[in-house]
Q: 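Structure in structure tokens, see below.
Predicted model only: the values in this text are computed from it and were never measured. When reading the values below, keep in mind they use all heavy atoms of this one structure, side chains included, and skip hydrogens, waters and symmetry mates.
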Amino acid sequence: MTRAEFIFQVSEQTGMTKKDTERTIRAAFETLSQLLAAGDQLQIARFGTFKTRLRPSLNGRHPATGAPLVIEETRVPVFEPSKKLKERVKENHAAG
């Protein structure tokens, strides 16, 4: 699904105009981005949790030269789905 299709679906369900829906969705994702950048998390009941996790440093190789290098630790965004969301996806997958 594309962003435009997503906006259309949400506007159909809410009765909002597509322009208002797009503005709302854009603001929601901007707020989520700011929360994650600040190290906070967003927990949505029956959906899941958006948060960050520290990915430890590791040894790698330069793809062109094969020379060893250290990939530094970094903070990455992660999403942990709720039990309810996992069950819903599993049910729909099993149904075909």
Q: Starting at OG1 of Thr31, measure out to CG of Asp40 and round the result to the nearest 0.5 Å.
A: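 Between atom OG1 of Thr31 and atom CG of Asp40 there are 12.0 Å.
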Q: Within a strict 4.5 Å, meaning less than it, do heavy atoms of the Thr14 and Thr21 side chains meet?
A: yes
Q: Taking C-beta and beyond as the side chain, do Ile25 and Ile7 meet within less than 4.5 Å on heavy atoms?
A: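 A side-chain contact exists here, since the closest heavy-atom pair is under 4.5 Å.
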Q: Donor-acceptor pair, distance only, cut-off 3.5 Å: does the side chain of Glu5 make one with the backbone of Thr2?
A: yes
Q: Val10 versus Gln13: any side-chain heavy-atom pair under 4.5 Å?
A: no
Q: Please name the pair of heavy atoms, one in Met16 and one in Thr24, separated by the smallest distance, quoted to 0.1 Å.
A: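 In this case the closest contact between Met16 and Thr24 is CE-OG1, 3.4 Å.
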Q: Any chance you could lay out the ring-ring contact (aromatic ring centres under 6.0 Å, His included) test for Phe50 and Phe29, step after step, and finish with the verdict?
A: CA-CA 11 Å; Phe50 295 90; Phe29 283 118; 7.9 Å; no
Q: Quick check: do Gln41 and Leu35 have side-chain heavy atoms less than 4.5 Å from each other?
A: no
Q: Using a strict 4.0 Å threshold on nitrogen-to-oxygen distance, state whether Glu80 and Lys51 make a salt bridge.
A: yes
Q: Flag the pair Arg26 and Glu22 as a salt bridge only when some basic side-chain nitrogen lies within less than 4.0 angstrom of an acidic carboxylate oxygen.
A: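 Answer for the salt bridge query: yes.
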Q: From Arg23 CZ over to Thr17 OG1, what is the distance, rounded to the nearest 0.5 angstrom?
A: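 One gets 7.0 Å once the value is rounded to the nearest 0.5 Å.
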Q: Is the shortest heavy-atom distance from the side chain of Arg46 to the side chain of Lys83 under 4.5 Å?
A: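 With C-beta onward as the side chain, the pair stays apart.
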Q: Distance check, rounded to the nearest 0.5 Å: Leu42 atom CG versus Leu32 atom CG?
A: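 Here the interatomic distance stands at 6.0 Å.
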